[in-house]
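This one's a predicted model, so the numbers in the text were calculated from it and none came from an experiment.
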Amino acid sequence: MAATAWQLYNSAKKYIGNGTITLGIGNFKMVLAETASNASTFTLSAYGGGGALTSVTNEIGAAGGYTTGGRDLVPATAQWVEGASAKQQKFTMSAVGLAFTASGASLVNIRYAIIRNSTGATAGKLLCFCQLSSSQFTVTSPNTLTVLPAATGIFTLT
């Protein structure tokens, strides 16, 4: 499976600029979504409570150890690290990635990973998304899906 690069939602740029999303301080979660999701729609802005036009749809079902709302990034706040020069800052989560283990049931119809700023179990602003595969897939119990960010980070500011 070849994943695409992480892509920022249009509104995330505004939220980073106005301080609604504070990178490196806020709590961030990774959500898994199905093929039928609107996850790759750049105009989305919210996770939960934002209405059909602004909220992500078709998160995978809460089963097999997956919890609605996603899992905390490692570290939970994610972090900034220096890139190739002091002028370059990379936003990253972990060198070991985030593992989703199907426990007792399969994780089905996965296609997208979404990173969101968490302001509650089912609320927050969307930051970015990645298409994990060109078609949906299932992680059968007791297997694990590990989402590992590139060594260059999730995204870089220069």
> Tell me, do Cys128 and Ile154 make a side-chain contact under 4.5 Å, heavy atoms counted?
Replying inline: yes

>> For Ser11 and Ser45, which I'm curious about, is there any donor-acceptor pair between the side chains at under 3.5 Å?
In response: no

> Do you know which two heavy atoms are closest between Leu126 and Leu44, and how far apart they sit?
Replying inline: CD1-CB, 3.6 Å

>> Any heavy-atom pair between the side chains of Ile16 and Leu23 that's under 4.5 Å?
In response: yes

> Under the ring pair (Phe, Tyr, Trp, His ring centres under 6.0 Å) test, which residues partner Tyr9, sequence neighbours left out?
Replying inline: Phe129

> If every non-hydrogen atom of Phe28 is compared with every non-hydrogen atom of Leu127, which pair is closest and at what distance?
Replying inline: CE2-CD2, 4.1 Å

> Is there a donor-acceptor contact under 3.5 Å linking the side chains of Thr57 and Asn38?
Replying inline: yes

> How long is the gap from CZ on Phe100 to CZ on Arg71, to the nearest 0.5 Å?
Replying inline: 6.0 Å

> Should Thr122 and Tyr47 count as side-chain neighbours, where that means a heavy-atom distance under 4.5 Å?
Replying inline: yes

>> Go through it in stages, so that I can follow the logic: the residues are Leu32 and Glu59, the test is side-chain contact (heavy atoms from CB on, under 4.5 Å), and I'd like the CA-CA distance, side-chain angles, deciding distance and then a yes or no.
In response: CA-CA 6 Å; Leu32 299 177; Glu59 180 176 356; 5.9 Å; no

>> Any non-hydrogen side-chain atom of Ile110 less than 4.5 Å from a side-chain atom of Thr138?
In response: no

> Between Gly104 and Ser141, what is the shortest heavy-atom contact and its length?
Replying inline: N-OG, 3.0 Å

>> Applying side chain to side chain contact (heavy atoms under 4.5 Å, CB included), can you list everything that pairs with Ser103, at least two apart in sequence or on another chain?
In response: none

> Between the side chains of Thr35 and Gln136, does any donor sit under 3.5 Å from an acceptor?
Replying inline: yes

> Has the side chain of Arg116 got a donor or acceptor atom that lies under 3.5 Å from a matching backbone atom of Ala123?
Replying inline: yes

>> Is the terminal nitrogen or CZ of Arg111 (NZ for Lys, CZ for Arg) located under 6.0 angstrom from the six-membered ring centre of Phe137 and within 45° of that ring's axis?
In response: no

> What distance do Leu132 atom CG and Thr4 atom OG1 have between them, rounded to the nearest 0.5 Å?
Replying inline: 7.5 Å

> What is the minimum heavy-atom distance between Asn109 and Ile60, and which atoms define it?
Replying inline: O-CG2, 4.3 Å

> Looking only at heavy atoms, which two atoms of Thr144 and Ala99 are closest? And how far apart?
Replying inline: CG2-CB, 3.7 Å

> If we only count heavy atoms from C-beta on, is the Lys29 to Leu73 side-chain gap below 4.5 Å?
Replying inline: no

> Is Val108 linked to Ile114 within one hydrophobic cluster, defined over Ile, Leu, Val, Met, Phe, Trp and Tyr using a side-chain heavy-atom separation of less than 4.5 Å?
Replying inline: no

>> To the nearest 0.5 Å, what is the distance between CG on Leu145 and OG1 on Thr140?
In response: 11.5 Å

> Hey, are Tyr112 and Glu34 close enough side-chain-wise for a donor-acceptor pair under 3.5 Å?
Replying inline: no

>> Any heavy-atom pair between the side chains of Lys13 and Leu8 that's under 4.5 Å?
In response: yes

> How far apart are the closest heavy atoms of Tyr66 and Met30, and which atoms are they?
Replying inline: OH-O, 4.4 Å

